[in-house]
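Shown next, in structure tokens, is the structure this report addresses.
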Amino acid sequence: MVELVFSETYDLAHTFDCGQIFRFHSSDNGKTYYGPLSDRIIKLTQIDEHTLEISSDQPEGLMPKIHEFLRVKDDYLSIQNSVKVDPLMEKIVQQTNGLHLVKQDPFECAISYLLSQCSNIPRITQNLSHLSEMFGKRIIFDKQIFYLFPKREDLLPLGEDDFREMGFGYRAKYIASFIHDYLQFLRKPKKKGEEFNNQLQQIYGIGQKVADCIQLFGYGDLTLFPVDTWIQKFMIKYYFSGKKTSNAKIRSLGRQMFGQWAGYAQEFIFHYARHYDNI
DNA sequence: ATCCAGGCATGCA
DNA sequence: TGCATGCCTGGA
């Protein structure tokens, strides 16, 4: 059991219910969250505005993983200040205060966002839980049953038909292909920036939006500004005078407006647009 | 009963 | 470069 104290506000519920990550759940209305972190289950409890209590079924070597996962080294207060580029963004930063990004596992993140297209959060969560329950390692923690996310090797024998039976729909072919090609993808020299983004988009089923999400949430490139329908509606309403605009132009403006912290800005806006703005 | 989701691939101008 | 269409499936 360890306490982690932040100088800024850390809001567990905002962070884990904002839709960036799908397999963390609260059983007590947002005070405590359980979920998988690579090889273990972690429990996060909100003690006060600045403090989390953290435990795990496997406490050895936990804190370095937690620091990376919760992005503790990000200077949250200056990020907030930096994305307050106008009165609207000031309001949004205030409304979403305490919402942090997390650094996800790339493999799980890629599968999550491949599944996300033309779907919704409950269904994506259901698909991922189903996959984990069938092929992930089972862990008992706090007298509850949890499942880690399956490793690539565990999923390798499966084909498109298996994933269709799990309810993945037309995304089944993307998942099957991704799992099969994953090693080859990783073997390529790791690139950065737009080059890496283009490399992600070479993968069957990954276009601009999903590539941006994987690069942002799975690889921690905070300069990305993924444009989904919520961001699209918001940006057109407030920054393009209501005029129909291509996602490429919206993405480009978002990255220009928010620079190295565009990923944070995107998540603040996404949360605000879904919960507070009538668009 | 249609209709459409937190897109993508494909085909076409 | 931009636009149209089909894709699985479950919930409104």
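Below, chain A is the first sequence line, B the second, and so on; all start at residue 1. We use all heavy atoms of the structure for the numbers below, so side chains are in, but hydrogens, waters and symmetry mates are not.
Separation of the P atoms belonging to C/dC8 and B/dG11 is 15 Å when rounded to the nearest angstrom. Separating the C1' atom of C/dT5 from that of B/dC4 is a span of 15 Å, rounded to the nearest Å.
Closest to the side chain of A/R164, out of C/dC8, B/dC8, B/dG6, is C/dC8. Checking B/dC8, C/dG2, B/dG6 against every side-chain atom of A/Y113, the shortest atom distance belongs to B/dG6. Each of B/dG6, B/dG7, B/dA9 was ranked by its minimum atom distance to the side chain of A/Y204; first place goes to B/dA9. The side chain of A/K173 lies closest to C/dC7 when the candidates are B/dG6, C/dC7, B/dG7.
As rounded to whole Å, 13 Å separates atom P of B/dC4 from atom NZ of A/K233. The interatomic distance linking A/Q201 (CD) with B/dG7 (C1') rounds to 12 Å, in whole Å. Separating the CD1 atom of A/I214 from the C1' atom of B/dC8 is a distance of 13 Å, rounded to the nearest angstrom. Rounded to whole Å, atom P of B/dA5 lies 14 Å from atom CZ of A/R274. When the P atom of C/dC8 is taken as reference, atom CD1 of A/I175 falls 14 Å away, rounded to whole Å. Going from atom CG of A/N120 over to atom C1' of B/dC3 covers 14 Å, rounded to whole Å. Rounded to whole angstrom, the span from the CZ atom of A/F168 across to the C1' atom of B/dC8 amounts to 17 Å. Here the P atom of nucleotide C/dC8 and the CD atom of A/Q126 are 19 Å apart, to the nearest Å.
Base pairing of B/dG6 is not made with any nucleotide, judged by Watson-Crick or G-U wobble geometry with both donor-acceptor distances under 3.5 Å. Pairing for C/dC8 is absent, judged as Watson-Crick or G-U wobble with the two contacts each under 3.5 Å.
The CD1 atom of A/I21 sits 10.5 Å away from the OG1 atom of A/T15 when rounded to the nearest 0.5 Å.
Between A/H271 and A/H14, the ring planes are perpendicular. Angles over 60° get that label, and only those under 30° would be called parallel.
There is no side-chain donor-acceptor pair under 3.5 Å between A/Y219 and A/K103. For the residue pair A/S26/A/D28, the side-chain donor-acceptor check at 3.5 Å is satisfied.
Within 4.0 Å of A/L114, counting heavy atoms only, lies no atom of the nucleic acid at all.
More than 12 heavy atoms of other residues, nucleotides or ligands shown are found within 6.0 angstrom of NZ on A/K233.
Nearest-nucleotide positions on DNA chain B place A/D228 closer to the 5' end than the other of A/I203 and A/D228. Comparing A/F270 and A/I206, the nucleotide of DNA chain B nearest to each residue sits closer to the 5' end for A/F270.
At the phosphate of B/dG7, neither OP1 nor OP2 sits under 4.0 Å from any side-chain N or O atom of A/R171.
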